[in-house]
Novice: 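One structure is given below, represented as structure tokens, and several questions about it will come after.
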Number of protein chains: 2
Amino acid sequence: MNFSITEENYIKAIYHLQQADGNVTTNELAAELNTKAASVTDMLKKLKAKKLVNYEKYQGFRLSSEGKKIALGVIRKHRLWEYFLVEKLQFGWDEVHEVAEELEHISSKKLIDKLDAFLDYPKFDPHGDPIPDSNGKMAAQKQINLIDLPLNEAAEIVSVGSQSTELLELLKHKHLGIGTTIEIKKRFAFDHSMEVKIKGQSAFIISQQLAQALFVRPL
Amino acid sequence: MNFSITEENYIKAIYHLQQADGNVTTNELAAELNTKAASVTDMLKKLKAKKLVNYEKYQGFRLSSEGKKIALGVIRKHRLWEYFLVEKLQFGWDEVHEVAEELEHISSKKLIDKLDAFLDYPKFDPHGDPIPDSNGKMAAQKQINLIDLPLNEAAEIVSVGSQSTELLELLKHKHLGIGTTIEIKKRFAFDHSMEVKIKGQSAFIISQQLAQALFVRPL
DNA sequence: AATAAAATTTAGACAAATCTAAAAATTATT
DNA sequence: AATAATTTTTAGATTTGTCTAAATTTTATT
Ligand SMILES: [Mn+2]
Ligand SMILES: [Mn+2]
Ligand SMILES: [Mn+2]
Ligand SMILES: [Mn+2]
């Protein structure tokens, strides 16, 4: 079966929300998609009719296993295109999201499998998120929040918690990005800020909020 | 301004039809787009309101210069993506059209300009059609119909007149394709068939219909 | 347990793109 | 010039996805 761009966007958003939350609510999804609760209810009835979500009135919902398969297909396309844009077209990793939002809806399965081969089967996208293979399997994210990294242990930044321009602006200013090696030198209990060090630069302070937005893989 | 996928498809189709015909009619466009005349009339009113076509009831229509600019933008995207699919992803030149029909609607200007650079600014797509540059300029097609090629003059096949599977099947069978060097050895007045030769093969006969579907550049 | 607040769903409308059937205009044929 | 055939447009519906406002259900607070 084939799904509309709108349906795919709903399915993908439900997938991401249920990773965090278990059950997803109407308002949550409306917020995620910048739409209204009434529109979400309408769409959920359609997705339920197509057996893509398990949904009972007023009870919240989650994807069926069929729905999950669709979601992983869209996510695979999104992340492969992001990888292509960064590695082949020289986009910055902070400017690919919008474009991938569109490219993820190109329907050809053959296209995406050939793109995957052309890119040499990458395992992670430019934001450190794992790319599902053509069967929907992907590497487990063995990354931790920077806030949980032990003192004086080097780790590599592999992922960011949001793609907001505000965050990206701050990262650029502090010369932090995917691939940067970082180490925590000191924690301040008062505001949970921390002093960190990246090689070739003197130590500096980052806020709790920023630390929580960064995911790292200890080296 | 931004246009819907449907609007872009209408604009592109009008562009192609008016290349041949000058003025385009409602029925012609309906046939081209596999839709009904009534739908075409509806859309023309919208395109007229947006000043993309010059259209008067019952009088036929053509693109405004603004409309032509949009059309060339879509055609640029279509042909660059086709080139990408063939040169980088190893698609056959006969299997890229459908996919490019979708990719041509991805809106990012930056994407298409970076893709152009990545591909090293190709001048022709895999079917021999010229690719407009980012200003909408493209190489004049200095190609002639095979039917008009003088006897015993070598020429290179640069373009085909249709993308029908029937034609592509026949070309495959006769080992003809874009880039093939061909020469006419004899014409038969009765049915306008002709004996042709390609290097490394003994001469064979092609029909008038096939010759008319092939465009060549004399060498 | 009653009431208030919040979340969710329904009802009714609207815009985009499509269709069928009927009406109107143009073009071709007698 | 009248009539027939063809083309094009209009009228009225339909589908998808959206919205606001009102009604309903659930959850929280007294
Ligand atoms: Mn999307
Ligand atoms: Mn990503
Ligand atoms: Mn298209
Ligand atoms: Mn082409």
Side-chain angles (χ1 to χ4, degrees), chain A residues 1-15 17-18 20-63 67 70-71 74 101-102 104-107, chain B residues 1-14 17-18 20-63 67 70-71 74 101-102 104-105 107:
Chain A
M1 207 171 278
N2 231 28
F3 302 96
S4 73
I5 292 176
T6 309
E7 287 170 330
E8 288 190 348
N9 283 336
Y10 270 86
I11 293 165
K12 192 180 63 156
I14 296 169
Y15 180 92
L17 289 174
Q18 79 180 26
D21 281 29
N23 240 38
V24 184
T25 70
T26 304
N27 270 349
E28 264 180 331
L29 184 52
E32 176 76 13
L33 291 170
N34 295 306
T35 186
K36 298 300 157 72
S39 309
V40 169
T41 301
D42 287 346
M43 178 58 82
L44 276 169
K45 287 188 209 157
K46 288 187 6 185
L47 295 180
K48 181 183 178 161
K50 295 185 180 185
K51 299 182 191 296
L52 300 173
V53 292
N54 299 117
Y55 164 59
E56 294 304 328
K57 263 193 190 187
Y58 293 103
Q59 298 310 132
F61 44 88
R62 34 189 336 166
L63 294 176
I70 311 287
V74 177
E101 246 352 276
E102 286 185 58
E104 72 189 359
H105 305 292
I106 303 293
S107 60
Chain B
M1 206 171 278
N2 232 29
F3 302 97
S4 73
I5 291 176
T6 309
E7 287 170 329
E8 287 189 349
N9 282 336
Y10 268 87
I11 293 165
K12 193 181 66 155
I14 296 170
L17 289 174
Q18 78 179 26
D21 281 31
N23 239 38
V24 184
T25 70
T26 304
N27 271 348
E28 263 180 332
L29 185 51
E32 177 76 15
L33 292 171
N34 296 307
T35 186
K36 297 300 156 71
S39 309
V40 169
T41 301
D42 287 347
M43 178 58 82
L44 277 168
K45 288 188 207 156
K46 288 188 3 188
L47 296 179
K48 181 182 178 164
K50 296 184 181 185
K51 296 184 194 293
L52 298 174
V53 292
N54 300 116
Y55 164 58
E56 294 305 328
K57 261 194 193 183
Y58 293 102
Q59 299 310 131
F61 44 88
R62 34 190 334 166
L63 293 176
I70 310 289
V74 177
E101 257 334 290
E102 287 185 57
E104 72 189 1
H105 305 291
S107 60

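Here is the naming used below: chain letters follow the sequence lines, and residue numbers restart at 1 for every chain.
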Novice: Can you sort out which residues in residues 30-40 of chain B have a heavy atom within less than 4.0 Å of DNA chain D? Ascending by number, please.
Specialist: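 Contacts with DNA chain D under 4.0 Å: B:Ala37, B:Ala38.
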Novice: Output a table of nitrogen or oxygen pairs between the protein and nucleotides 24-28 of chain D separated by less than 3.5 Å.
Specialist:
from   : atom 1 : to      : atom 2 : distance (Å)
D:dT24 : O2     : A:Tyr58 : OH     : 3.3
D:dT25 : O4'    : A:Tyr58 : OH     : 3.4

Novice: Please name all residues satisfying side chain to side chain donor-acceptor pair (under 3.5 Å) with A:Lys50, sequence neighbours left out, ordered by chain then number.
Specialist: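 Side chain to side chain donor-acceptor pair (under 3.5 Å) check on A:Lys50 returns A:Glu7.
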Novice: In Å, rounded to the nearest 0.5 Å, how long is the span from NZ of B:Lys36 to CG of B:Asn27?
Specialist: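 If we round to the nearest 0.5 Å, B:Lys36:NZ and B:Asn27:CG are 11.5 Å apart.
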Novice: Can you name the residues that form a side chain to side chain contact (heavy atoms under 4.5 Å, CB included) with A:Thr26, not counting sequence neighbours?
Specialist: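 Testing A:Thr26 for side chain to side chain contact (heavy atoms under 4.5 Å, CB included), a comparison that skips the adjacent residues, returns A:Ala37, A:Val40, A:Thr41, A:Phe61.
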Novice: If you check every side-chain atom of A:Thr26, which of C:dT18, D:dT18, C:dT8 has the closest atom?
Specialist: C:dT8
Novice: Taking OP1 and OP2 of C:dT8, is either one under 4.0 Å from a side-chain nitrogen or oxygen of A:Asn27?
Specialist: yes
Novice: Mind checking side chain to side chain donor-acceptor pair (under 3.5 Å) for A:Gln59 and listing every partner two or more places apart, or none if nothing turns up?
Specialist: none
Novice: In dot-bracket form, how is DNA chain C paired, counting a Watson-Crick or G-U wobble pair only if both its distances are under 3.5 Å and using | for bases paired to another strand?
Specialist: ||||||||||||||||||||||||||||||
Novice: With sequence neighbours excluded, what pairs up with A:Glu104 under the salt bridge (Lys or Arg N to Asp or Glu O under 4.0 Å) test?
Specialist: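 Only A:Lys12 meet the salt bridge (Lys or Arg N to Asp or Glu O under 4.0 Å) criterion with A:Glu104.
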Novice: Separation of B:Asp42 atom CG from C:dA15 atom P, in whole Å?
Specialist: 15 Å
Novice: Rounded to the nearest 0.5 Å, what separation is found between the CZ atom of B:Phe3 and the CG atom of B:Leu47?
Specialist: 8.5 Å
Novice: Nearest whole Å is fine: how far is D:dT16 P from A:Glu8 CD?
Specialist: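 Distance, rounded to whole Å: 16 Å.
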Novice: Suppose we screen for side chain to side chain contact (heavy atoms under 4.5 Å, CB included). Which residues come up paired with A:Ala38, at least two apart in sequence or across chains?
Specialist: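 A:Ala38 satisfies side chain to side chain contact (heavy atoms under 4.5 Å, CB included) with no other residue.
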Novice: Using a 4.0 Å heavy-atom cut-off, does A:Phe61 contact any base of the nucleic acid, only the sugar-phosphate backbone, or nothing at all?
Specialist: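 Nothing, no heavy atom under 4.0 Å.
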Novice: Tell me every residue that passes side chain to side chain donor-acceptor pair (under 3.5 Å) with A:Ser107, counting only those two or more places apart in sequence or in another chain.
Specialist: B:Glu102
Novice: Has A:Tyr10 got a side-chain N or O lying under 4.0 Å from the OP1 or OP2 atom of D:dT16?
Specialist: no
Novice: Can you tell me how far apart CG (A:Asn9) and OG1 (A:Thr35) are? Round to the nearest 0.5 Å.
Specialist: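 So the CG of A:Asn9 and the OG1 of A:Thr35 are separated by 11.5 Å.
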Novice: Would you say a side-chain N or O of A:Tyr55 is under 4.0 Å from OP1 or OP2 of C:dT8?
Specialist: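 A:Tyr55 to C:dT8 OP1/OP2: no side-chain N or O under 4.0 Å.
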Novice: Over how many whole Å does the gap from B:Lys48 atom NZ to D:dT9 atom C1' extend?
Specialist: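 So the NZ-C1' distance, B:Lys48 to D:dT9, works out to 13 Å.
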Novice: What residue pairs, at least two apart or across chains, pass salt bridge (Lys or Arg N to Asp or Glu O under 4.0 Å) with a residue in residues 51-60 of chain B?
Specialist: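 As it turns out, the salt bridge (Lys or Arg N to Asp or Glu O under 4.0 Å) pairs with a partner in residues 51-60 of chain B, which skip direct neighbours, are B:Lys48-B:Glu56.
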Novice: Please identify each residue that fulfils side chain to side chain donor-acceptor pair (under 3.5 Å) with B:Gln18, with sequence neighbours left out.
Specialist: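 Partners of B:Gln18 by the side chain to side chain donor-acceptor pair (under 3.5 Å) criterion come out as none, since no residue qualifies.
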Novice: For B:Leu44 and C:dT18, give me the distance from atom CG to atom P, rounded to whole Å.
Specialist: 12 Å
Novice: How far does OG of A:Ser39 sit from CG of A:Asn34, to the nearest 0.5 angstrom?
Specialist: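 A:Ser39 OG to A:Asn34 CG: 11.5 Å, rounded to 0.5 Å.
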Novice: To the side chain of A:Thr6, which of D:dT7, D:dT18, C:dT18 is closest?
Specialist: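 The answer is D:dT18.
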Novice: Whole angstroms only, please: what is the CD-P distance between A:Glu56 and C:dT9?
Specialist: 11 Å
Novice: Within the structure shown, what part of the strands sits under 4.0 Å from A:Thr41 by heavy-atom distance: base, sugar-phosphate, or nothing?
Specialist: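 Here A:Thr41 touches the bases of the nucleic acid.
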